[in-house]
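Input: a single structure, listed below in structure tokens.
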Amino acid sequence: MEVLKNKYCSLFHNKETETLDCIWNSQSYYMPEDEFKRFLLQVVDISTQEDANYIFCDNREFLFTMDDHFHQWHDINVAIPLSQNMRKMAFVQSPDFFTQVSVEQIFEEDHGKNMPVRHFEDSEEAKAWLLQN
């Protein structure tokens, strides 16, 4: 069931697997930082409301690069709250090198280590890892 959509991304909740699936599109290249922050705050709220335990992010078309100053905001407002109610996060990698590095770095910080996070090239492999005990 789709629970959130904007021109950059769609978020689906699968109640059976307790998963939030975040599917980015190529318009994310043009996304302003304030819209990205607003979207992430909505994801945090939805993850609590929907009792989701896992997040799957399909970043194959994600083209937004996060600056270093964004990391602290993300730790406080996204990583810490998500790590309190999420069990795992899986990312399908962006083909854009700089975008992928920025995504990986944001979860290498101390607060991103409170839950298992892995990056994959294949979406089926990512989903399988996410749902295994």
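Fair warning: this is a prediction, and the values are worked out from it, not measured in the lab. For the numbers below, each heavy atom of this structure counts, side chains included, while hydrogens, waters and symmetry mates do not.
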Does any part of the side chain of [Y], heavy atoms only, come nearer than 4.5 Å to the side chain of [X], both counted from C-beta?
X    : Y   : result
I23  : F56 : yes
S123 : R60 : yes
F12  : T19 : no
Y8   : P32 : yes
D58  : V92 : yes
S47  : L82 : yes
K15  : D51 : no

Measuring from [X]:[atom1] to [Y]:[atom2], what's the distance to the nearest 0.5 Å?
X   : Y    : atom1 : atom2 : answer
Q27 : C9   : CD    : SG    : 12.5 Å
Q84 : M86  : CD    : CE    : 11.5 Å
Q93 : C57  : CD    : SG    : 13.0 Å
M89 : M115 : CE    : CE    : 5.0 Å
I55 : E18  : CD1   : CD    : 13.0 Å
F62 : S26  : CZ    : OG    : 12.5 Å

- Task: Could you check M66 against W73 for side-chain contact (heavy atoms from CB on, under 4.5 Å), going step by step and ending with a plain yes or no?
- Result: CA-CA 11 Å; M66 294 166 267; W73 179 90; over 6 Å; no
If only atom types and distance count, is the side chain of [X] paired as donor or acceptor with the main-chain N or O of [Y] below 3.5 Å?
X    : Y    : value
E61  : N25  : no
S28  : L63  : yes
D67  : H69  : no
D21  : L11  : no
K88  : W129 : yes
D122 : E125 : yes

Which atom pair, heavy atoms only, marks the closest approach of [X] to [Y]?
X   : Y   : result
P81 : I76 : CD-O, 3.5 Å
N77 : V44 : O-CG2, 3.8 Å
S10 : E2  : OG-OE2, 3.3 Å
T17 : Y54 : O-CD1, 3.5 Å

Counting only heavy atoms not in E121 (residues, nucleotides, ligands), do more than 12 fall under 6.0 Å from its CD?
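Not more than 12 within 6.0 Å, no.
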> Is it the case that more than 12 heavy atoms not belonging to Q42 sit under 6.0 Å from its CD atom?
Replying inline: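 Result for CD/Q42: enclosed.
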- Message: Which label fits W24 and F39: parallel for a plane angle under 30°, tilted from 30 to 60°, or perpendicular past 60°?
- Response: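 Ring orientation, 0 to 90° scale: perpendicular.
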Could you tell me how the ring of F36 sits relative to the ring of F70: parallel (under 30°), tilted (30 to 60°) or perpendicular (over 60°)?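 Rings of F36 and F70: parallel, under 30°.
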Run the side-chain contact (heavy atoms from CB on, under 4.5 Å) check on I46 and L4 step by step: do they pass?
CA-CA 9 Å; I46 290 168; L4 181 62; 3.9 Å; yes
**Side chains of E50 and H13, donor plus acceptor under 3.5 Å** =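 Yes, because at least one side-chain N or O of E50 sits under 3.5 Å from a partner of the opposite role on H13.
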For R38 and E35, what are the C-alpha separation, side-chain angles and deciding distance, and is it a side-chain contact (heavy atoms from CB on, under 4.5 Å)?
CA-CA 5 Å; R38 195 169 25 258; E35 286 191 52; 3.2 Å; yes
